[in-house]
Amino acid sequence: MIKTWNQRVWELVRGIPRGRVASYGQLASMLGQPRKARHVGYALHQTPEELILPWHRVINGRGKISFPDYTQQYLLQKAMLEAEEISFQSDDRIDLKVYGWHPSNQ
DNA sequence: CTGGTGACGTCTT
DNA sequence: GAAGACGCCACCA
């Protein structure tokens with residue numbers, strides 16, 4: 001059975017370790033498709049209810065949560081990240097220390 | 001097959 | 001910086 005794009009995205013997101021984050025663009029690049037950042041987001045949007053993923057560890061290329069500010073989803077994602085001791089700066093960007101996860105550098 | 005829809009990114013004002 | 005235009009194309013109806 002050939003893997004769909006969505007399935008490959010889900011597998012990659014599943015591998016993001018606790019306490020680290022990656023951007024949509026980075027994940028797309030890891031799949032060899034640097035221009036499909038948007039589809040990484042779309043894939044997560046399509047995640048089935050029964051599939052548990054650390055989706056909150058995926059943020060946008062500017063280091064911010066990619067939901068409109070102060071929506072329920074935005075607040076949920078921020079809370080889940082803070083629960084993993086991921087810190088936010090005053091401008092709501094993620095600390096550079098945890099931004100930029102890549103499989104090859106753990 | 002066709003078209004609408006985007007958890008994005010990059011370039012241009 | 002900010003804001004807008006535009007490219008990208010997998011998925012679903």
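Here is how names work: the chains are called A, B, and so on, in the same order as the sequence lines, proteins then strands, and each is numbered from 1. Being a predicted model, the structure only gives us computed values, none of them experimental.
- Side-chain contact between A/H56 and A/E84 is present, with at least one heavy-atom pair separated by less than 4.5 Å.
- Proximity of residues 64-74 of chain A to DNA chain B (heavy atom under 4.0 angstrom from any strand atom) is restricted to A/S66, A/F67, A/Q73.
- With hydrophobic clusters built from ILVMFWY side chains whose heavy atoms lie under 4.5 angstrom apart, A/M30 shares a cluster with A/W5.
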Review item, nucleotides 3-7 of chain C N/O atoms under 3.5 Å of protein N/O:
unit_1 : atom_1 : unit_2 : atom_2 : d
C/dG7  : O6     : A/R38  : NH1    : 2.7

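- In summary, A/K3 and A/E11 engage in a salt bridge, as defined by a charged side-chain N under 4.0 Å from a carboxylate O.
- Cluster membership check: A/V21 shares its hydrophobic cluster with A/F67, using side-chain heavy-atom separations under 4.5 Å among Ile, Leu, Val, Met, Phe, Trp and Tyr.
- Taking atom CZ of A/R8 as the reference point, atom P of C/dC9 lies 14 Å away to the nearest angstrom.
- For the pair A/R57 (side chain) and A/I16 (backbone), a donor-acceptor distance under 3.5 Å is present.
- Atom CH2 of A/W10 is separated from atom P of B/dA7 by 16 Å (rounded to the nearest Å).
- Rounded to an integer number of Å, the gap from CG of A/D91 to C1' of C/dG1 is 12 Å.
- Contact check for A/L44 versus A/L53: side-chain heavy atoms found under the 4.5 Å cut-off.
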Listed pairs, N/O of protein and of nucleotides 10-13 of chain C, under 3.5 Å:
unit_1 : atom_1 : unit_2 : atom_2 : d
C/dA10 : OP1    : A/K36  : NZ     : 2.6
C/dC11 : OP1    : A/W5   : N      : 3.4
C/dC11 : OP1    : A/N6   : N      : 3.3

Nucleotides 10-12 of chain B: which of its N/O atoms have a protein N/O under 3.5 Å away?
none

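- Going from atom CD1 of A/I59 over to atom CD of A/Q77 covers 8.0 Å, rounded to the nearest 0.5 Å.
- Between A/D92 and A/K78, at least one side-chain N (NZ, or NE/NH1/NH2) sits under 4.0 Å from a carboxylate O, which counts as a salt bridge.
- A donor-acceptor pair shorter than 3.5 Å cannot be found between the side chains of A/W55 and A/T47.
- Between A/L27 and A/L12, the shortest heavy-atom contact is O-CD2, 3.5 Å.
- A/M80 and A/Y70 fall within a single hydrophobic cluster, where Ile, Leu, Val, Met, Phe, Trp and Tyr side chains are chained together by heavy-atom contacts under 4.5 Å.
- With sequence neighbours left out, A/F88 forms a ring pair (Phe, Tyr, Trp, His ring centres under 6.0 Å) with no residue at all.
- Legend: side chain to side chain donor-acceptor pair (under 3.5 Å) pairs involving residues 27-37 of chain A, not counting sequence neighbours: none detected.
- Counting to the nearest Å, the P atom of B/dG6 and the OH atom of A/Y24 are 14 Å from each other.
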